[in-house]
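Residue numbers start from 1 in every chain, and the chains themselves are labelled A, B, ... in the order their sequence lines are given, proteins ahead of strands.
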Amino acid sequence: MLEQDDKYHALRHSAAHIMASAVCKLYPDTKFGIGPVITDGFYYDFVLDKRLSETDLEEIEKIMQQEIDQNLSFEKLIITRSEALDLFSEQPFKLEIIEEIDKNEDISIYEHGGFQDLCAGPHVDSSKDVKAFKLLSVAGAYWRGDEKRPMMQRIYGTAFDSVKLLDNHLELIEEAKKRDHRVLGKELDLFFMDPIAPASPFFLPKGTIIYNELINYVRELYHQYEYQEVITPQIFSTDLWKQSGHYDNYKDNMYFVLAEDREFGIKPMNCPAHAVLYKSGLRSYRELPFRVADFGRLHRFERSGVVQGLTRVRPFSQDDAHIFCTIDQVDHEIDSLIAMFKQTYDIFNFNDVRIALSLRPDKRVGDEEMWDKAESKLQKCLEDNNINFKAFPGEGAFYGPKVDFFVPDALGREWQLGTIQLDFSLPERFDLEYVNEDGQRSRPVMVHRAMLGSLERFMGVLIEHFAGSMPPWLSPSQVLIIPIADRHLDKALELKSKLAKVNIRTEIDSRNERMNSKIREGQMNKTPYMVILGDKEIESEVVSVRLRTGENLQSISVEEFITGIKDKIDKRAIELW
RNA sequence: GCCCACAUAGCUCAGUGGUAGAGCACGUUCUUGGUAAGAACGAGGUCAUCGGUUCAAGUCCGAUUGUGGGCUCCA
């Protein structure tokens, strides 16, 4: 990816200049922001009176093409600071950038066809080198990403050195749209949204199967890794949120209700509830690490502009757990978390997991010694497990350092799934204690951890990852029985009940339709296994199996079929046979 | 919350001021079939909501709600 970025950097940046130049020709009063290269393209931010919409892009493209055809050369000029200030005197955003450039550094501008822009470069030699480009969308963007600063208009585009590569890229975008979980969710009857509950999915029976299978899987791991699952309240007195700090720091994202003149907050996180649970009795060091898991439903108010499909919703559940332990037990806990995460991401075939270690921020609680210890522990655990990670100083939570696991989706967007966060603050706020070996009271550390994160979001990412073709264990309908004619229906029912006995989810397509049509239906629903039942099969007591891949198995015995798919399901395999 | 776009049948969409359409899905009937769509017929709409302009609004204007693309936030 990086190599490709480098390869196209000059090209795309030059395309951005050409676009800016075109916008300038159309709207001479435009004030220019910045126009950087991004993954797969570029953008440029403008302030202009005209409100741009996507229909304006064609006109801009036309002028860009003219400039490209004119074979204009890109010239680099080094100018003095005062020349620069003079040259961009009408461009407030450029002036701001100039002010920020190191006094000892050269100021360079690039010029093509009379359009000059403050720019470090590099650029291609000639506008003609931009062989293929396309403007993709317009969007609003704050100057410097700051909500308090002016709203600018941003145009996104992309450029390649051949039309063919551009077309490939545009096709990829189309492909990605097809595997969008919102589209597939509707096509496969997994979930839907209704304006009556904005940003809140309704999971249909099929989607609920996937959701619950994910929970079943995590529960198995909890057994394996010795967690204890709990169920905690949904609504808590505001007193709790004041004590936890959420009332001060997270209030805007919370829902509140009034009852008997008392204010209650609906939980956006489980941690305070688990702190209360921890405190419900006096704990001994013998009980630690105390691992508490909770699939409790959480509600977070997200502003209407930020919600998105399943990946950003208001109500959701997490595979959430908190580990209360001593600081010396942290190593072991992290090790076993890394093992658990790895085991899990392998199951879903997530190979490109990116791992970030976020270190102490400026605003933080706890003493330096604590942070030193915690950070070095996290770092060492990652290294000992041969994990590639990048450290991000200053990015940690105020209550402790954390390790985040990111996975890219079909559109190349990265989603944070797993997270491991050390917390020194909450044990303090809730005055959590345990009795140590010497009979003294000590303060435990709290580890917040989630592996799949929000199950809603995870499901969305999974749908895109597999393009809707879920592994058999997650498929809502695992086997579709297709009787060829009505007279085969009895045998179909017989087979279905056989499969039901071993917990294989089976449907029979008994519609008055031709076999071809039923197969097509099964394919479109991405059912992994289809069983065709006709005279031949019934006579020789076999089944003929068609896989979702289009592959046909030889006629096999029912027993062989059941053993085969049961094995794949139990192993949570991705391959079908 | 901010900028832009969109909202028509269950779904995907066409409909550029003058009587609301298609394909798929759905229902009924015929057909009983061999590895990705058998045929005929039928039902289905307060064009998101509210207000305005006009002789006349799905169509133009405004507001509201929702959705999408971004920005921002993500203790």
Could you check whether [Y] and [X], counting side-chain N and O atoms only, form a donor-acceptor pair closer than 3.5 Å?
| X | Y | answer |
| --- | --- | --- |
| A:E551 | A:W577 | no |
| A:Q153 | A:Y44 | no |
| A:Q523 | A:R546 | yes |
| A:H274 | A:D294 | yes |

Cationic tip of A:R149 above A:Y142 ring, under 6.0 Å, 45° of axis: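 Geometry flag: not set, cation outside 6.0 Å or 45°.
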Stacked cation flag A:K50 on A:Y27, 6.0 angstrom / 45 deg: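 Output no; distance or angle outside limits.
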Whether A:W241 and A:F236 hold their rings parallel, tilted or perpendicular, with breakpoints at 30° and 60°: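 The rings of A:W241 and A:F236 stand perpendicular, inter-plane angle above 60°.
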Sub-6.0 Å ring centroid separation between [X] and [Y]:
| X | Y | value |
| --- | --- | --- |
| A:H13 | A:F42 | no |
| A:F32 | A:F46 | yes |
| A:F341 | A:F405 | yes |

Give me the distance, rounded to whole Å, that separates [N] from [M] when you measure between the [atom1] atoms they each carry.
| N | M | atom1 | answer |
| --- | --- | --- | --- |
| B:U59 | B:A48 | P | 8 Å |
| B:G45 | B:U29 | P | 23 Å |
| B:G1 | B:A9 | C1' | 35 Å |
| B:C3 | B:U8 | P | 24 Å |
| B:A25 | B:C13 | C1' | 14 Å |
| B:U12 | B:G51 | P | 28 Å |
| B:U67 | B:U46 | P | 22 Å |
| B:C2 | B:G58 | C1' | 30 Å |

Nearest non-hydrogen partners of A:H246 and A:P272, listed with the distance: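 Reported closest heavy-atom pair: CE1-CG, 3.7 Å.
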Under 4.0 Å protein heavy-atom contacts per nucleotide of nucleotides 22-32 of chain B, with B for base, S for backbone only and - for none: --------BBB
Base-pairing assignment for B:U64 (Watson-Crick or G-U wobble, both under 3.5 Å):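 Per the H-bond distance test, B:A48.
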Complementary nucleotide of B:G27, counting Watson-Crick and G-U pairs under 3.5 Å: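 Answer to the pairing question: B:C41, which forms a Watson-Crick or G-U pair with B:G27.
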I want to check one thing: is the phosphate of [N], taken as OP1 and OP2, less than 4.0 Å away from some side-chain N or O of [X]?
| X | N | result |
| --- | --- | --- |
| A:K186 | B:U12 | yes |
| A:R182 | B:G69 | yes |
| A:R144 | B:C71 | no |
| A:S517 | B:G38 | yes |

Applying a 4.0 Å non-hydrogen cut-off, can you work out what [X] is touching in the nucleic acid: base, sugar-phosphate, or nothing?
| X | value |
| --- | --- |
| A:E513 | base |
| A:Q421 | nothing |
| A:G245 | base |
| A:D194 | nothing |
| A:A199 | sugar-phosphate |
| A:G534 | base |
| A:Y43 | nothing |
| A:K536 | base |
| A:R303 | base |
| A:G396 | nothing |

Distances for protein N or O near nucleotides 2-4 of chain B N or O, under 3.5 Å:
residue, atom, partner, partner atom, Å
B:C2, O4', A:Y142, OH, 3.2
B:C2, O2, A:Y142, OH, 3.4
B:C3, O2, A:G140, N, 2.9
B:C4, OP1, A:R51, NE, 2.7
B:C4, OP1, A:R51, NH1, 2.5

Spacing of A:R149 atom CZ relative to B:G1 atom C1', expressed in whole Å: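 About 18 Å, once rounded to whole Å.
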Nucleotide B:G70, atom P - distance to CG of A:L57 in whole Å: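 Going from CG in A:L57 over to P in B:G70 covers 14 Å.
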Nearest to side-chain heavy atoms of A:P195, which nucleotide of B:G69, B:G66, B:U35: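 Among B:G69, B:G66, B:U35, the one nearest the side chain of A:P195 is B:G66.
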Base of B:U35 paired with side chain of A:R520 (donor-acceptor, under 3.5 Å):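 Looking at the base of B:U35, it does not pair with any donor or acceptor on the side chain of A:R520 (distance under 3.5 Å).
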B:G34 base / A:E537 side chain donor-acceptor hit below 3.5 Å: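 A donor-acceptor contact between them is present.
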Residue pairs passing the side-chain hydrogen bond (donor to acceptor under 3.5 Å, both in side chains) test where at least one lies in residues 421-431 of chain A, sequence neighbours excluded: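 The answer is A:Y399-A:Q421, A:T419-A:Q421, A:D423-A:H448, A:E428-A:R443, A:D431-A:R443.
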